[in-house]
Amino acid sequence: MTSKSLLLFALSVLGIISAKAQEKTVLSLNDAVQIALSKSDESKLAESKVNTKSFELQSTKMKQYPDLKISGQYYRLTNADVNLKSTQEASSTPGNASANTSPKVNQLILGQANLGIPLFSGFKIKNSIALSDNVYKAEMANASYTKENLALRVIEYYASLYKAQKSVELLDENLISSNQRVKDFLAMEENGLLARNDLLKAQLQSSQIELSLAEAKKNVKLLNFNLITLLKLDASTEIEVSPENVDANLFNFKPSSENEAMQNRKDLEAIHFQEKALEAGVKVAKGDYYPSVNLVAGYTTLDLQNVVRVENAMNFGVGVSYDLSSIFKNGKQVKAAKSRLEETHFQEAALTDQIKSQIVEAQENYTLAQKQDELYKQSVLQTIENYRIVKDKYDNGLVDTNDLLEANVQDLTAKINQAFAKANVVLKYYELLNATGQLTQSFNSINK
């Protein structure tokens with residue numbers, strides 16, 4: 001193969017690689033949301049917190065089971081002086097000199113097994129389990145709420161990315177026609193058919209469009225980076241957003257009423273469980289006013305070398321303990337627990353009002369977005385027709401350059417507004433589902 005052929009082959013390979021690198025990924029909104037819910041750091045962190053609370057709940061439940069402890073000791077004794085009572089009594093008897101001899105003791109072996117079963121602890125074990133269980137349920141609700149917000153962030157990125165990409169598309173098209181207008185005006189100005197001031201106006205408009213295009217391209221790159229970072233996709237991925245990968249499953253889910261929304265909202269559900277946990281916490285604090293009763297049993301074996309050997313020494317009974325100082329000290333803990341519970345009541349009331357306001361606002365925003373979409377559709381038709389009429393008049397010398405350029409700007413603005421309005425309808429619809437607590441539910445229903 002000649003050097004020229006090698007060069008052509010290398011250039012073709014580079015061209016293929018470059019083309020593949022520039023290919024954009026078409027990812028449906030549904031798929032993007034599912035990826036975010038399964039792979040994003042925020043989603044994994046929320047699930048990890050739920051697992052932690054689950055283990056804590058299991059640990060708390062273990063407190064109601066018996067405690068069994070086994071211990072064994074071996075001691076090496078040095079020159080131990082052992083005097084048994086019976087030996088001392090014998091030594092006081094006349095004629096018994098051998099009784100004063102102390103046995104040689106070099107080791108002690110001790111083994112014990114103790115069993116404790118809680119019979120009554122002021123209901124603290126029962127209420128501690130209830131507290132931990134409600135904390136676990138509250139964390140599950142918080143995780144669901146985190147995923148709701150995560151899904152909404154993906155949708156906001158999609159809407160913003162669609163707006164930016166559509167802006168690039170429309171500005172790019174308009175810049176081509178604007179640059180062509182500048183060339184035409186330049187030729188007319190050179191032939192004395194156009195005032196230089198009009199040429200400068202056309203050039204200025206092209207520069208402004210080019211600046212807007214650069215800003216839009218920057219927004220596309222930034223939004224694309226944020227989105228692929230959230231979705232844990234490859235850094236070279238470029239996502240293309242179009243109505244086809246957003247609208248396919250749109251409007252299939254009916255927003256709930258206000259009463260249903262209160263039951264769907266996971267943040268409100270989390271506070272409900274936190275409230276129940278704090279109610280159990282008050283009972284746990286009051287549990288210190290009561291004594292603790294335990295059933296105890298044990299087994300002991302002992303071997304003191306050359307002195308005594310004890311085997312099968314079993315014991316059982318009931319143990320009672322009561323901290324008298326808790327009568328005076330525990331009152332503050334109970335009041336603190338009640339105060340935390342009262343805080344949660346106020347938080348629940350404030351959040352309920354906030355949710356009601358969010359639902360009303362989301363409904364109004366969605367209605368407005370639909371109205372704007374219809375109006376901008378009409379506006380585009382009007383500005384297209386207006387630009388056609390102004391262009392005909394300009395070609396016939398009936399209007400000046402200002403009128404032509406103004407009509408062109410109006411046409412471009414209307415088209416961009418229409419694209420934005422289309423994206424806003426999607427965004428405001430999903431914001432309404434989010435306000436009613438149905439956002440992730442709507443995507444889950446799609447996958448069934």
Side-chain angles (χ1 to χ4, degrees), residues 9-44 147 149-179 206 208-250 369 373 412-413 415-431 434 439-440 442-443 446-447:
F9 176 74
L11 290 174
S12 63
V13 171
L14 289 173
I16 293 173
I17 295 175
S18 176
K20 289 185 176 180
Q22 294 175 356
E23 287 182 359
K24 291 189 176 182
T25 301
V26 178
L27 186 66
S28 72
L29 180 59
N30 177 47
D31 291 339
V33 169
Q34 297 304 325
I35 291 173
L37 296 181
S38 61
K39 294 186 177 181
S40 70
D41 291 333
E42 293 180 30
S43 179
K44 290 181 179 179
K147 292 180 179 181
N149 291 332
L150 188 60
L152 184 60
R153 279 179 57 194
V154 174
I155 295 167
E156 289 172 344
Y157 277 138
Y158 255 65
S160 298
L161 187 57
Y162 174 78
K163 293 177 184 179
Q165 289 178 347
K166 198 65 178 178
S167 296
V168 169
E169 178 186 337
L170 294 172
L171 288 168
D172 200 33
E173 292 176 359
N174 196 264
L175 182 60
I176 294 174
S177 61
S178 181
N179 288 337
S206 289
Q208 291 173 340
I209 294 173
E210 193 168 356
L211 285 173
S212 299
L213 179 59
E215 178 75 15
K217 287 181 177 180
K218 183 266 293 183
N219 291 336
V220 168
K221 290 182 179 180
L222 182 60
L223 290 166
N224 185 82
F225 176 80
N226 291 337
L227 182 56
I228 63 173
T229 300
L230 179 63
L231 301 181
K232 298 297 180 182
L233 299 177
D234 188 83
S236 62
T237 304
E238 293 185 15
I239 297 178
E240 182 177 6
V241 182
S242 65
E244 286 71 26
N245 59 15
V246 173
D247 293 347
N249 301 302
L250 194 60
D373 186 43
L412 174 61
T413 302
K415 290 177 180 178
I416 291 177
N417 287 338
Q418 183 189 24
F420 283 15
K422 188 177 184 65
N424 279 335
V425 170
V426 178
L427 177 60
K428 298 306 176 183
Y429 170 74
Y430 281 122
E431 285 182 352
N434 182 63
L439 187 55
T440 54
S442 66
F443 284 100
I446 292 172
N447 298 318

Open item on the list: So which atom in Ala235 and which in Ile228 form the shortest heavy-atom distance, rounded to 0.1 Å?
Closed with: O-CD1, 3.5 Å
- [ ] With side chain to side chain contact (heavy atoms under 4.5 Å, CB included) as the test, would you mind laying out the steps for Val33 and Tyr158 before giving the verdict?
- [x] CA-CA 10 Å; Val33 169; Tyr158 255 65; over 6 Å; no
- [ ] Taking the side chain as every heavy atom from C-beta outward, state whether Asn424 and Asp373 have any atom pair closer than 4.5 Å.
- [x] no
Task: Check: Ser40 side chain, Leu37 main-chain N or O, donor-acceptor pair, under 3.5 Å - done: no
TODO: Would you check if the side chain of Ser43 reaches a backbone N or O of Lys39 as a donor-acceptor pair within less than 3.5 Å?
DONE: no
Table please: side-chain donor-acceptor pairs of residues 150-157 below 3.5 Å, with sequence neighbours left out.
unit_1: Arg153; atom_1: NH1; unit_2: Glu42; atom_2: OE1; d: 3.2
unit_1: Arg153; atom_1: NH1; unit_2: Glu42; atom_2: OE2; d: 2.3

Task: Chi angles and distances behind the side chain to side chain contact (heavy atoms under 4.5 Å, CB included) call for Ile239, Leu233 - done: CA-CA 10 Å; Ile239 297 178; Leu233 299 177; 4.1 Å; yes
Task: Donor-acceptor contact below 3.5 Å, side chain Asn224 vs main chain Thr237 - done: yes
TODO: Looking only at non-hydrogen atoms, find the nearest pair between Ser38 and Lys44 and report the distance.
DONE: O-CE, 3.8 Å
Open item on the list: If you compare all heavy atoms of Val425 against all heavy atoms of Ala369, which two are closest, and at what distance to 0.1 Å?
Closed with: CG2-O, 3.5 Å
TODO: Supply the atom-to-atom distance Glu173 CD to Leu171 CG, rounded to the nearest 0.5 angstrom.
DONE: 9.5 Å
Task: Nearest atoms (heavy-atom pairs only) where Thr440 meets Lys147 - done: CG2-O, 3.7 Å
Open item on the list: Apply side chain to side chain contact (heavy atoms under 4.5 Å, CB included) to residues Val426 and Tyr162 and explain how you reach the verdict.
Closed with: CA-CA 11 Å; Val426 178; Tyr162 174 78; over 6 Å; no
Side-chain donor/acceptor pairs under 3.5 Å, residues 211-223, sequence neighbours excluded:
unit_1: Ser212; atom_1: OG; unit_2: Gln208; atom_2: O; d: 3.1
unit_1: Glu215; atom_1: OE2; unit_2: Lys218; atom_2: NZ; d: 3.3
unit_1: Asn219; atom_1: ND2; unit_2: Glu215; atom_2: O; d: 3.3

Task: Those residues that, when tested against Asp234, pass salt bridge (charged side-chain N to carboxylate O under 4.0 Å, His left out) (two or more places apart) - done: none
Task: Verdict with supporting geometry, Ile35 and Leu230, side chain to side chain contact (heavy atoms under 4.5 Å, CB included) - done: CA-CA 9 Å; Ile35 291 173; Leu230 179 63; over 6 Å; no
Open item on the list: Please check this pair: side chain of Asn179 against backbone of Leu175, looking for a donor-acceptor N/O pair closer than 3.5 Å.
Closed with: yes
